[in-house]
Amino acid sequence: MTFAPSLPAHLSREDQEFLDQLISEQQDRPGMLLTVLERIQERQPEKYLPAPMLDYLARRTGIPESRIYNVVTFYALFNLKPQGRHTVCICRGTACHTRGSMRLLESVRLQLGLREDEDEGSADKLTATTPDGAVTVRTVACFGQCALAPVAEVDHHVLGHVNERALQREVEQLIR
Amino acid sequence: MPNRISIRIDGELVQAERGQTIFEAAQSNNKFIPGLCQFKGLSTVGACRLCVVEVQGVNRLLPSCTTPAQDGMAVITKSARLNDYRRQSLELLFAEKNHVCAVCVSNNHCELQAYAQRLGVTNVRYAYRYPKLHVDMSHPRFVIDHNRCVLCTRCVRVCNEVEGAYVWGVAGRGIGSRIACEMDRAWGNSASCTNCGKCVQVCPTGALAEKGFAAEEMVKRQDLVERLATIRGTMNPGGPR
Amino acid sequence: MSHRISDLSSFNAAHAAGLRKLMPGVPRIAIGMGTCGMGNGAEAVYHAFADHIHNLGLGFHLTRTGCFGFCAEEPLVNVLLPGQPLVVLRRIQASDVPALLDHLAAGRIPAELALCKIEEWDHITATIKYAAGQPEIPHWYDVPFFTGQKKIVLRNCGIISPIEIEEYIAVGGYQALYKVLIDSSPEAVIEQLKAAKLRGRGGAGYQTGLKWEMLRKAQAERKFLISNADEGDPGAYMNRNEIEGDPHSMLEGMIIAGYVTGSTEGILYVRAEYPLAVHRLQHAMDQARDYGLLGKNILGRGFNFDISLVEGAGAFVCGEETALIRSLEGRAGRPTPRPPYPAEKGLWGYPTNINNVETWYNVAPIVVKGAAWFTETGSPKSPGTKVFSLVGKVQNTGLVEMPLGTPLKTFVYDIGGGATHGKAVKAVQTGGPSGGTIPQEMFDTPVDYETLAQLGSIMGSGGMVVMDEDNCMVDVARYFVEFTHSESCGKCTPCRAGLDQALRILNRFTHGVATDGDLDTLDELSRMIRDMSLCGLGQSAPNPVLTSMRHFRREFEDHVRAHRCRAGVCEDLALSPCENSCPLHMNIPRFLQLLKEDRLEEAFLSVVLDNPLPASTGRVCQHPCDNRCRRSAIDDAVNMREVHRFIADSIYGTPRYEPLIEQVLARKLPPTGCKIAIVGAGPAGLSCAYYCALLGHDVTVYENNAEAGGMLRYALPNYRLPIEVIEHELELIRRLGVSFIFNTTVGRDISLNELDAAHDAVFLSIGTWKESWVYLAGTELRGVLHALPFLEAVNKDETTQLGRKVAVIGGGNAAIDSARTALRLGADVTIVYRRERKDMPAIREETEAAEAEGARIVFLAAPHRIVDDGSGGIQAIECVKTTLGEFDRSGRRRPVPTDEILRIACDTVILAVGETVDLDFVKASGLRLKEGGTMLEVDRHTLLTSRPNFYAGGDLITGASNVSNAMGWGKKAARTIDQALMDEFRWPRIWPEFKHSMTVPAHPSTARRHHNRELDPAKRAATFAETTFPLAPVEAMEETCRCLRCDIRADH
Amino acid sequence: MKNQPKARLATAWLDGCSGCHMSLLDVDELLLTLADRVTIVFGPLVDAQHFPENVDVAIVEGAVSSQDDLRLAQTIRENSKFVIALGDCAVTSNVPSMRNSIAPTRLLERIYISGATAQPGVPTQNVPALLRAAIPLHEAIKVDLHVPGCPPSAAAIAHVLTELLEGRKPDVASAAKFG
């Protein structure tokens, strides 16, 4: 059973002001759409892009809806569905892979009861959220921490040279 | 600068206009080069890679649909390597989706099917993926069947460049890429679609089709005889004349 | 007070202010706070310092700095006491801070915490002199990790503070910009870059000067300069460190380029996964604008150039320039064909130039020091340096900046310190997912754009991942294709659909269902993807596959034909990691579980059917299974060898033995009528005979000695392997119907042709009895013995010329056995070995036992001359002290003689430096040899020699190895011979069905590993009685409860 | 070469609609030349219970969709020198493959239980278990020649057979295509 909370259908006043201010600030600067989407997602507590805000963004800037949807589903950073309160991110970079990060990923999945088919999102993104919305498990191609391989990040706190036991303890605290 | 240039295709000297791509030059001299995503009147994207040719002096294969023809160029459009690579490319397309030609609306009217025969593809060496893909029938007049889509993006380009409605786009990434209507909305309740049907006309395969033309959808007008008979007052009360 | 710099005096004012911060006259402490430092706890260290300095009221200057490069030693702390050199302290934890501050307050630097010292530092744009001193702390360039490094790009990283623009100016920063704006013309700068032949550091290696020239010529009202900091390569993090350590160098490079190429705007495209780098860049840009070095009217010269920062959103393909441009235009990052090149039509159609982060860092040095200076470093075609991220299975991980053209082995061994845990390095992967794997034999290759391309790899961004024997090259290729397949943009068929199929085929390899056809299909498909893809991602994605298949074809074939993954990574190809590494592939989890269920008889049956000599190997095997046991991740490996010894010892000599032998005999397949000859009754021959007999063949073993056993009987001393144990285990083989013909030497008493005529198949398993020739003066003297003949004589109770004081030369098992045997014969023993303890091939416990029994070991000493005592006997042996030089093929350092002589008084010298096979019988036999004629050549999978019906295995084909490896070859030979003769795969019929629990142990025992008890050294040194006792029953049972049962699979 | 021994021909009908066999019979007059050059030793056109040994040519129609199909395909490969995949089902798994994106268990449940009008329950007696997916013949065994088409035209089949009888390799692409 995947995590599917009810989503707001319309746009609050406050969101609209935030969007207007953001759009005017970023108007025809390079990377405008990326920056705007990044700010929207960062502001959202569940770190996702609510549909009403995307619709408003399309109408307000004239960027076709199809292009916005293409961008949102192309880049791994953006989420269309709310993410868990906590995130556990396993690095799948080369150094981490050679030092066994695949086993870390499997052990976290096992611990949180996430099965293989839980992963959704575009073909490459391996993100899965526990049914109660507590923890999202994601992978990233490389943290740039290769000297500490294998690396895991729990809520923006980087763990270097992590083994299964240490990771299980960290995750344990999250779900308690 | 004279606008007529001469290039050599498969050894034969031919004429071409400056600014033409190799593909156009070959086509105007009816030299066959396969091409799925190429479409006259639309921008070129170089996505299907079927039109790739060898150019003397260049160690890489070049897409003829985007490479401008230059004076004195020597182009090879047919070689064992090219034919093998093109066959592999076609087989990858067949294995990627569910191309069940026998029951397809475009059976015998499909460029993929035609190229397969012309380039000698009699079977697909790669494992079929059998993906679970959606068929969107929500539009009153048209249907989009993702099982038959080869992602050539002709529909995206004709909708953006010619119609200007920007309905279609390529969503997702990599093997998960798919044609999507606006914010992944059903085609039937699209906000900007003008129902012009251009995308259906340019689609090389059975992915985009017009409803009512598939054999299975045939509806015979059974009421015809009765109506004529009543108009002509020659309705036969039934039983032998 | 505005800081704007508009003339020389304001520039110098900032320069002076920076110097005061860099060398403040009070102790200066700078914490290495790159992201990697933070990951190691640098944040806590910083706060600890801040709090203590505040509480103790010390007037220290505390600041942050970037990463100095040696990540393995982080957190690093730079300490500069007035009048002393700058000292870098290593692995500093918050808890060390109080004590450390006391030392510093007293003006002392604890040498044991120091990594290195810097007395003078060349920032290229300036040189900073610190004081000399601290003699006991090594210079930075003497630390192996830094030796040979030349820091041009990383000139400021880890020294200056990245958040202080004045410190950057103090070390010569923005001097180049000042020079370019004030006096030199743009064309001159471009000529300088072209003369310097600076090539792009992103991986393509296109000439930067030409790129800038093309942009300068382009006419348009907007021209863009982009710094590509997407760095999506997994395993590469040099751009991150460069930005976090020294953001201003990049800005200066871009502003110079802006002026020189007439660009209007600069853009930094930085990965979203680098938040600290983004933060430090924004801070640096604000400071640069504040100091009039960026934005409006730079340096008061009317030149306007500003830079904006865009965060990427997680797409590796956006490292490709056209994809990057599309994403800046607010589209999905799908590359577009070239031509048109970005320099003509780039961002929004305007001319655009994209350079990798590291390229910008070379601009200021070239402007300041000139092209001639730059071309002094690196190779003629690619001058300058490249920063590499050395990671993976190497001891010293970190950032390494080396001149281009440095050979790979310098990285891996000299700087990296070789593999971890004493394992052998197998390969290096360069260039990330677009690069390739380069085998260890090619480590002499200089690292440069062209040389790596010839090997099918690329230099790419500089990722360098070291791999050892535990890495499976098929899995590595699969890993990289899985990465590029998930990062493919999906636009063009070859890359989108091709990589998906390539991944599917590679998964078939790692799950053991691949066929020979898959190898060819994968090869064809990879070439097609490489040649047909639209952009660099697709064109280079097959490189890992093509290079692995080119350099490690054997591993691919093993996965298909032998269904084996030697590295033990592909789990579906093995029952469990321990079974995979066992030379006899014993079903270890099965006999452990059977014993755990107190079913000793069935455990014995399982053991003896998997391994004909369980008690012998239980005593002498080098237990490779321990290295792969997953239990070692929790505490230490299960003691599997001792358990199967316990099982065998518990049955031998008890009434339960006979019925079990009946059960083994009952497993014998019906007679096949095929006659098989086996030459050599050593471990390999015995195990082949055992299995051929079980398969129903008529087996005859020809042995030149008087009794069977080979090395077991004649080389292994009795205290390690008692004769009764061998006799007992030989009896089972005899009872299976194997007949032995002794005192027969093949080639003399019976010819190969006669054997061929009388038998359907012949298995050659002759051991390594011939001593390899030793270049040593004095070997003709009385008292010089060779190890094997000496051990053989002792086993046969013949007299030996053993004296009172013995010197044993060598570090292998033969040397240790000779030493301990000599001890038992009352001699005083010294072992001489030319390398270090960790390089000794002998089993660790045996070496330690020898030392405990009184043998002395002299390391790093190579025998030079045996001294004559005047009457033809031995007075002493002279050895040359050695130091460890370069790493050789085996991944161990080659001993280099010094001129120091060591003299060891002795009257006997035992040479144990290696044995080879006596191959005289092979002369006119049509059997092909390999490795310079020292071994027989066989087909790896069938063990067939170059002559039909002749097979070979054991030391004959591998060179001197050990008992269990030899038995493994014998067992494999029996299988392939049977399949060849009977044209059917009958092998599994030998084993009965064992019903044992297949549920994962919910609570495996928390007990630590049990070791078997030994006689105390003094007592055992006097007798040849067996020195070790088997495990006690309760200990053996406890060991079985420690097993985690890796053989149980959830059938998903 | 009148008294040349007749070639042993076997045909097999796996998961297909027998349309290809109909097209085979449509070769009309070629059947006569076939009759005296070839004996049909197995297949729906003759009643042989077990697949015989040393078959010269085996023509297989239909996708490999059940355990029985798989076993028969393997037996055919073991006993035939030359195996031909006839028709789109054998060559590309065609229509039978349209069930592949649905797990067999859910498929059977949907049809035989929730969709059943009488005696809901999945049949088990002498009905072969479904494979996870209906696959083309060449994914189960090695295939020597592929003749695409649904069905391949009688002319295409005639061309293939006559070429093979003369010992030449037929140019299939010119005579047959998918669909």
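Protein chains get the first letters and strands the later ones, always in sequence-line order, with residue 1 at the start of each.
Within the 4.5 angstrom heavy-atom criterion, only backbone atoms of D:Ala176 (N, CA, C, O) approach chain B. Interface remark: D:Ala134 contributes backbone atoms only to the contact with chain B (heavy atom separation under 4.5 Å). Using a 4.5 Å cut-off between heavy atoms, B:Asn123 contacts chain D through both its backbone and its side chain. No part of B:Ala114 comes within reach of chain D, as not one of its non-hydrogen atoms sits under 4.5 angstrom from that chain.
Atom CZ of D:Arg106 is surrounded by 12 or fewer heavy atoms from other residues, nucleotides or ligands within 6.0 Å. Summarising the local packing, CZ of D:Arg110 is surrounded by 12 or fewer heavy atoms from other residues, nucleotides or ligands at distances under 6.0 Å.
In this structure, D:Lys177 NZ and B:Thr122 OG1 are separated by 14.0 Å, a value rounded to the nearest 0.5 Å. Remark: D:Phe178 CZ to B:Leu112 CG distance equals 9.0 Å, nearest 0.5 Å. For the atom pair D:Ser101 OG and B:Leu133 CG, the distance stands at 8.0 Å (nearest 0.5 Å).
For the options D:Ile135, D:Asn94, D:Asp88, D:Asp171, heavy-atom pairs under 4.5 Å to chain B are most numerous at D:Asn94. Across D:Ala133, D:Ser174, D:Pro136, the residue that shares the most heavy-atom pairs under 4.5 angstrom with chain B is D:Pro136. Each of B:Gln113, B:His99, B:Arg118 has some count of heavy-atom pairs under 4.5 Å with chain D, and the biggest count is that of B:Gln113.
Heavy-atom proximity under 4.5 angstrom to chain B picks out nothing from residues 39-50 of chain D. Within residues 138-165 of chain D, the residues that have a heavy atom under 4.5 Å from a heavy atom of chain B are D:His138, D:Glu139, D:His146, D:Pro148, D:Cys150, listed by number.
The side-chain hydrogen bond (donor to acceptor under 3.5 Å, both in side chains) check on B:Glu163 picks up B:Thr194, B:Lys198, with sequence neighbours excluded. Taking the side-chain contact (heavy atoms from CB on, under 4.5 Å) definition, one finds that B:Glu24 meets it with B:Gln20, B:Thr21, sequence neighbours left out.
The shortest side-chain heavy-atom distance between B:Tyr130 and D:Ser93 falls under the 4.5 Å cut-off. Between D:Met98 and B:Val103, the closest side-chain pair of non-hydrogen atoms falls below 4.5 Å. Between D:Thr92 and B:Val124, every side-chain heavy-atom pair lies at or beyond the 4.5 Å cut-off.
Between D:Ser97 and B:Val100 the shortest heavy-atom distance is OG-CG2, 4.4 Å. Between D:Gly179 and B:Cys101 the shortest heavy-atom distance is CA-CB, 3.4 Å.
Of the possible polar contacts, one joining the B:Gln117 side chain to the D:Ala173 backbone as a donor-acceptor pair under 3.5 Å is found.
Residues B:Lys132 and D:Asn100 have side chains that never bring a donor and an acceptor to within less than 3.5 angstrom of each other.
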